[in-house]
A.B. asks: 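Here it is: the structure, laid out below.
Each chain gets a letter, A, B and so on, in the order its sequence line appears, and its residues count up from 1.
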2 protein chains.
Amino acid sequence: MKDINSEIAYKFIRKRILDGKYPPGYPLMTEDLAKVTGVSRTPVRDALRQLETDGLVSIRPNRGARVKQVDLNEFREMCELRLALETYAAGLAARNRTPVELQEMRACLARMQECTDRLLASKEEPQEVLEKLLIEDIRFHVAIISSAKNRLLKKEVLRLHVINRVVAGPMPGRADQEVGKGKNRRAAIQKCHDAIYHAIERGDVQAARATMEEHIQDIIDNFIKVMAQTEAPLDERTLSEEELSYLT
Amino acid sequence: MKDINSEIAYKFIRKRILDGKYPPGYPLMTEDLAKVTGVSRTPVRDALRQLETDGLVSIRPNRGARVKQVDLNEFREMCELRLALETYAAGLAARNRTPVELQEMRACLARMQECTDRLLASKEEPQEVLEKLLIEDIRFHVAIISSAKNRLLKKEVLRLHVINRVVAGPMPGRADQEVGKGKNRRAAIQKCHDAIYHAIERGDVQAARATMEEHIQDIIDNFIKVMAQTEAPLDERTLSEEELSYLT
DNA sequence: ACAAATCAACATGTATACTTTTTGTTTGAT
DNA sequence: ATCAAACAAAAAGTATACATGTTGATTTGT
């Protein structure tokens with residue numbers, strides 16, 4: 001991010017958080033991290049601050065840093081943010097997309113269709129295909145956000161996706177959660193994607209928004225369902241007051 | 001924010017940025033700030049990082065920090081973000097608002113109406129009334145965001161408002177820009193606010209969104225118009241690559 | 001005289017010693 | 001035996017000295 005050494009620390013810690021080696025709640029002590037990363041405490045602290053703004057770490061004054069734990073309420077809030085941003089982005093994409101971006105989306109759709117077909121054909125659900133499907137799904141969504149031509153919007157959405165990923169756990173085992181389990185569901189998702197694509201292609205802002213909103217809402221509902229039965233909700237309340245400081 | 005001393009520095013610098021004493025582009029040198037704030041460079045650096053995540057300061061590696069300058073493109077992007085978030089928030093508010101929150105909104109509307117009436121009556125436009133109008137306007141919007149019951153969303157919107165405020169310059173002189181100049185325009189805004197309120201009151205999600213979107217879009221259009229004739233656009237490009245790091 | 005390279009100054013980035021705060025344990029009184 | 005207060009260990013926060021990089025001016029070569 002900023003400097004050579006703090007960037008080393010940043011990348012190091014971030015990687016481990018995304019890998020799941022530092023799971024949510026894991027205490028991140030500056031001295032230990034300094035030893036492990038080979039830099040001093042100062043750049044480690046910088047890195048932790050940066051990770052805090054990424055939403056991956058929470059720092060409490062005089063009490064150190066931990067890998068962020070997201071309780072169910074905060075998760076809901078993050079989902080609503082995604083919904084607001086990605087829906088709006090789809091509308092922008094319908095206005096601003098270029099031919100090559102449309103081509104990219106079509107390519108993603110085709111590759112996803114291929115994966116889906118393969119899954120429908122075989123009785124088992126090979127992990128490898130599921131993961132490929134997930135990757136293409138992400139690509140598709142990123143292509144749309146990119147077409148919106150708004151870097152801030154894109155950055156924010158990607159940030160939320162990354163946090164989501166940490167909450168959900170590491171890559172292997174995520175695929176079936178996100179891509180959907182039943183064959184019906186998978187077919188439905190494919191249909192959704194098609195609808196979104198066509199709305200964007202014909203420049204229909206309202207339709208792009210509506211279809212995207214429905215799609216994301218569906219993903220989120222499914223995700224929360226899976227999450228609620230898996231995890232025990234953990235909390236970490238910090239009451240606001242930003243409203244007050246805002247007018248002073 | 002975090003620690004005692006870095007919080008001192010944070011508040012100190014933030015205040016001056018919002019006051020306009022440190023205008024956009026102003027170089028923020030750690031040593032100078034350390035002297036002025038009475039703390040050492042370390043907490044000053046922390047404060048600058050925090051301000052960077054607030055979007056008020058930009059830090060470039062090995063080249064120091066400056067008060068953030070927003071070029072016209074980035075400003076447009078921020079506006080689109082606001083549009084996405086506040087529009088969605090209005091929809092949530094229509095679902096989640098409580099009676100006392102509705103009361104608060106009505107109170108704001110009444111006070112704004114009073115201001116508007118006073119302005120329509122007198123020939124001049126006393127600065128004091130304009131500022132009161134602006135304050136009530138902000139209160140109204142904050143009340144809506146609060147009713148959405150989403151702290152993340154609210155925090156993000158307030159963050160954008162603060163940046164907007166810095167871009168627009170200090171309080172005196174802003175009022176006429178934001179509140180609108182002509183009497184027609186002011187009446188139109190009042191109508192917009194009423195429409196938004198009624199949609200939220202009757203729990204009409206779609207109408208709340210639609211009216212809010214129209215309203216914010218109108219504010220933004222006006223703002224950009226004023227801004228474009230006032231300022232020469234300045235740039236500060238940093239090419240992304242976050243898309244790449246996202247999949248690794 | 002102008003361009004490029006060099007050097008000096010200055011600001012940022014880093015390491016480390018020092019201070020303060022937190023946290024858990026021991027000890028003492030009821 | 002229980003609770004509380006004092007204390008000790010450890011980690012965060014802070015200050016400062018040192019290293020590294022940037023900037024702009026001076027010098028040198030063509």
Side-chain angles (χ1 to χ4, degrees), chain A residues 1-14 16-17 21-54 56-69 234-239, chain B residues 1-14 16-17 21-54 56-69 234-239:
Chain A
M1 304 273 64
K2 303 276 82 98
D3 338 305
I4 298 192
N5 278 10
S6 62
E7 192 178 359
I8 291 172
Y10 174 80
K11 285 182 176 166
F12 183 95
I13 302 166
R14 185 175 189 275
R16 302 228 164 173
I17 293 174
K21 283 175 187 160
Y22 296 161
Y26 187 89
L28 299 167
M29 284 174 302
T30 52
E31 206 150 14
D32 297 357
L33 292 171
K35 265 178 207 145
V36 180
T37 56
V39 303
S40 83
R41 283 176 56 214
T42 312
V44 167
R45 259 172 65 83
D46 279 358
L48 290 174
R49 279 272 157 77
Q50 185 60 46
L51 288 163
E52 188 191 25
T53 81
D54 290 348
L56 294 177
V57 160
S58 78
I59 303 178
R60 295 183 314 181
N62 282 315
R63 306 177 83 212
R66 287 169 176 271
V67 178
K68 176 130 190 173
Q69 285 180 324
L234 291 154
D235 47 315
E236 173 188 0
R237 290 286 60 149
T238 54
L239 219 61
Chain B
M1 306 276 59
K2 305 277 82 97
D3 338 305
I4 298 192
N5 279 10
S6 62
E7 191 178 1
I8 291 172
Y10 174 81
K11 285 182 176 167
F12 182 96
I13 301 166
R14 185 175 189 276
R16 302 228 164 174
I17 293 175
K21 282 175 190 161
Y22 295 161
Y26 187 89
L28 299 166
M29 282 175 303
T30 53
E31 207 150 0
D32 296 357
L33 292 171
K35 265 178 207 145
V36 180
T37 56
V39 303
S40 83
R41 283 178 54 216
T42 311
V44 167
R45 258 173 66 85
D46 278 358
L48 290 174
R49 290 253 195 238
Q50 185 60 46
L51 288 163
E52 188 191 25
T53 82
D54 290 347
L56 294 175
V57 160
S58 79
I59 304 178
R60 294 183 315 179
N62 283 315
R63 305 171 96 222
R66 287 169 176 273
V67 178
K68 177 131 189 171
Q69 286 180 322
L234 291 155
D235 47 315
E236 173 188 359
R237 290 288 60 150
T238 54
L239 218 61

A.B. asks: Grab the CD1-P distance between Ile8(B) and dG13(D) for me, whole Å please.
C.D. replies: 14 Å
A.B. asks: Side-chain N or O of Thr42(B) versus OP1/OP2 of dT14(D): is the shortest distance under 4.0 Å?
C.D. replies: no
A.B. asks: Tell me, which pairs form a salt bridge (Lys or Arg N to Asp or Glu O under 4.0 Å) where one or both residues lie in residues 21-30 of chain B, sequence neighbours left out?
C.D. replies: Asp19(B)-Lys21(B)
A.B. asks: In this structure, which stretches of DNA chain D are paired as stems of three or more consecutive Watson-Crick or G-U pairs, both distances less than 3.5 Å?
C.D. replies: C:1-30 with D:1-30
A.B. asks: Determine: side-chain N/O of Thr30(A) to OP1/OP2 of dA12(D), distance under 4.0 Å, yes or no.
C.D. replies: yes
A.B. asks: Only one of Leu48(B), Ile8(B), Val36(B) forms a side-chain contact (heavy atoms from CB on, under 4.5 Å) with Ile13(B), so which one is it?
C.D. replies: Leu48(B)
A.B. asks: Please tell me which of the listed nucleotides, dT14(D), dT14(C), dA11(C), lies nearest to the side chain of Asn5(A)?
C.D. replies: dT14(C)
A.B. asks: Is any NZ, NE, NH1 or NH2 atom of the basic residue among Glu7(A) and Lys11(A) found under 4.0 Å from an Asp or Glu carboxylate oxygen of the other?
C.D. replies: yes
A.B. asks: Using atom CZ of Arg45(A) as one end and atom C1' of dT14(D) as the other, report the distance to the nearest whole Å.
C.D. replies: 9 Å
A.B. asks: Would you name the heavy atoms of Leu33(B) and Leu28(B) that are closest together and state the gap between them?
C.D. replies: CD1-CB, 3.9 Å
A.B. asks: Between Arg66(A) and Ser58(A), is there a donor-acceptor pair closer than 3.5 Å when you use the side chain of the first and the backbone of the second?
C.D. replies: no
A.B. asks: Can you measure Leu28(A) atom CG to dA12(D) atom C1' for me and round it to whole angstrom units?
C.D. replies: 14 Å
A.B. asks: Which pair of non-hydrogen atoms, one from Arg14(B) and one from Asp54(B), has the smallest distance, and what is that distance?
C.D. replies: NE-OD2, 4.4 Å
A.B. asks: Using heavy atoms to find the nearest nucleotide of DNA chain C for Asp32(B) and Val39(A) separately, return the residue whose nucleotide is more 5′.
C.D. replies: Asp32(B)
A.B. asks: In whole angstrom, give the distance that lies between atom NZ of Lys35(A) and atom C1' of dA15(C).
C.D. replies: 15 Å
A.B. asks: In B/S/- notation, 5' to 3', how is nucleotides 17-25 of chain C contacted by protein heavy atoms closer than 4.0 Å?
C.D. replies: B---SSS--
A.B. asks: From the list dT14(C), dA11(C), dT14(D), which nucleotide is the closest neighbour of the side chain of Pro43(A)?
C.D. replies: dT14(C)
A.B. asks: Does the pair Thr30(B) and Arg41(B) meet the rule for a side chain to side chain donor-acceptor pair (under 3.5 Å), with working shown?
C.D. replies: CA-CA 6 Å; Thr30(B) 53; Arg41(B) 283 178 54 216; 3.2 Å; yes
A.B. asks: Students often get this wrong, so: under 4.0 angstrom with heavy atoms, is Leu33(A) touching a base, only sugar-phosphate, or nothing?
C.D. replies: nothing
A.B. asks: Whole Å only: how far is the CG atom of Asp46(A) from the P atom of dT14(C)?
C.D. replies: 7 Å
A.B. asks: Between P on dA9(C) and CE on Met29(B), what's the gap in Å once rounded to a whole number?
C.D. replies: 18 Å
A.B. asks: Rounded to the Å, how far apart are Glu31(B) CD and dC18(D) C1'?
C.D. replies: 13 Å
A.B. asks: What do the steps show when you test Asn5(B) against Thr42(B) for side-chain contact (heavy atoms from CB on, under 4.5 Å), and what is the final call?
C.D. replies: CA-CA 9 Å; Asn5(B) 279 10; Thr42(B) 311; over 6 Å; no
A.B. asks: Take Thr53(B) and Arg49(A) through the side-chain contact (heavy atoms from CB on, under 4.5 Å) test and state the conclusion after the steps.
C.D. replies: CA-CA 10 Å; Thr53(B) 82; Arg49(A) 279 272 157 77; over 6 Å; no
A.B. asks: Over how many whole Å does the gap from Leu48(B) atom CG to dA11(C) atom P extend?
C.D. replies: 15 Å
